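Please read all numbers here as calculations on a predicted model, not as lab measurements.
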Amino acid sequence: MSCKRYVDVIARFYEDGRLLPLAIWWADGAMYEIDRVLDVRPAASLKAGGAGIRYTCRIQGREKYLWREQDRWFVEAKQNG
């Protein structure tokens with residue numbers, strides 16, 4: 001079962017209005033740089049619930065989803081993780 005895990009994000013705001021995440025920080029202090037943003041679109045999280053702007057990111061060679069829900073960022077995480 002998945003749940004929403006809110007995370008800290010470093011992001012860049014461009015003068016044309018785009019917003020792109022650069023890195024994710026977990027509560028335990030681990031930081032993961034985002035190698036590349038592959039896609040940006042409005043979408044729902046079917047595993048954890050909630051919706052917002054979904055960023056498909058490549059992190060350490062793997063594709064992961066990151067959502068911006070109003071002014072907060074979340075990922076899908078394992079319930080016990």
Side-chain angles (χ1 to χ4, degrees):
M1 181 70 155
S2 294
C3 66
K4 275 188 199 179
R5 178 70 42 106
Y6 288 100
V7 293
D8 292 336
V9 171
I10 294 176
R12 180 174 179 186
F13 288 85
Y14 290 86
E15 65 183 26
D16 64 4
R18 288 179 298 139
L19 169 63
L20 290 179
L22 302 175
I24 299 171
W25 252 290
W26 287 96
D28 67 2
M31 194 264 305
Y32 298 94
E33 287 188 39
I34 294 170
D35 303 321
R36 185 173 180 184
V37 175
L38 304 169
D39 186 52
V40 180
R41 68 178 63 200
S45 168
L46 301 178
K47 293 180 182 178
I53 304 299
R54 184 183 73 190
Y55 294 79
T56 305
C57 302
R58 184 174 297 133
I59 301 171
Q60 297 182 344
R62 298 175 67 189
E63 283 189 24
K64 299 290 183 181
Y65 294 132
L66 173 66
W67 281 266
R68 184 161 188 257
E69 180 183 58
Q70 296 178 7
D71 290 332
R72 297 174 76 185
W73 296 89
F74 75 90
V75 296
E76 295 171 333
K78 292 181 180 175
Q79 194 84 25
N80 59 359

(message) Count I, L, V, M, F, W, Y as connected when their side-chain heavy atoms are under 4.5 Å apart, and connections chain through other members. Are F13 and V9 then in the same cluster?
(response) yes
(request) Calculate, to the nearest 0.5 Å, the distance between atoms CD and CZ belonging to E76 and R5 respectively. (result) 12.5 Å
(request) Go through the structure and list residues passing side chain to side chain donor-acceptor pair (under 3.5 Å) with D39, not counting sequence neighbours. (result) R41
(request) Would you kindly confirm whether L38 and L66 end up in one hydrophobic cluster when ILVMFWY residues are joined by side chain heavy atoms under 4.5 Å apart? (result) no
(request) Evaluate the side-chain proximity of R68 to L19: yes if any heavy-atom separation is below 4.5 Å, no if none is. (result) yes
Side chains of residues 26-34: which donor-acceptor partners sit under 3.5 Å, not counting sequence neighbours?
residue, atom, partner, partner atom, Å
D28, OD1, A30, N, 2.9

(message) Tell me which one of Y6, W25, W67, Y55 satisfies side chain to side chain contact (heavy atoms under 4.5 Å, CB included) with W73.
(response) Y55
(request) Determine the sole option in I59, D8, I10 for which the side chain to side chain contact (heavy atoms under 4.5 Å, CB included) test with I24 is passed. (result) I59
(request) State plainly whether one hydrophobic cluster holds both F74 and V40, where clusters connect Ile, Leu, Val, Met, Phe, Trp and Tyr through side-chain heavy atoms under 4.5 angstrom apart. (result) no
(request) Report the distance from atom SG of C3 to atom NZ of K78, rounding to the nearest 0.5 Å. (result) 11.5 Å
(request) Tell me, please, which residues at least two apart from R54 pass side chain to side chain donor-acceptor pair (under 3.5 Å). (result) none
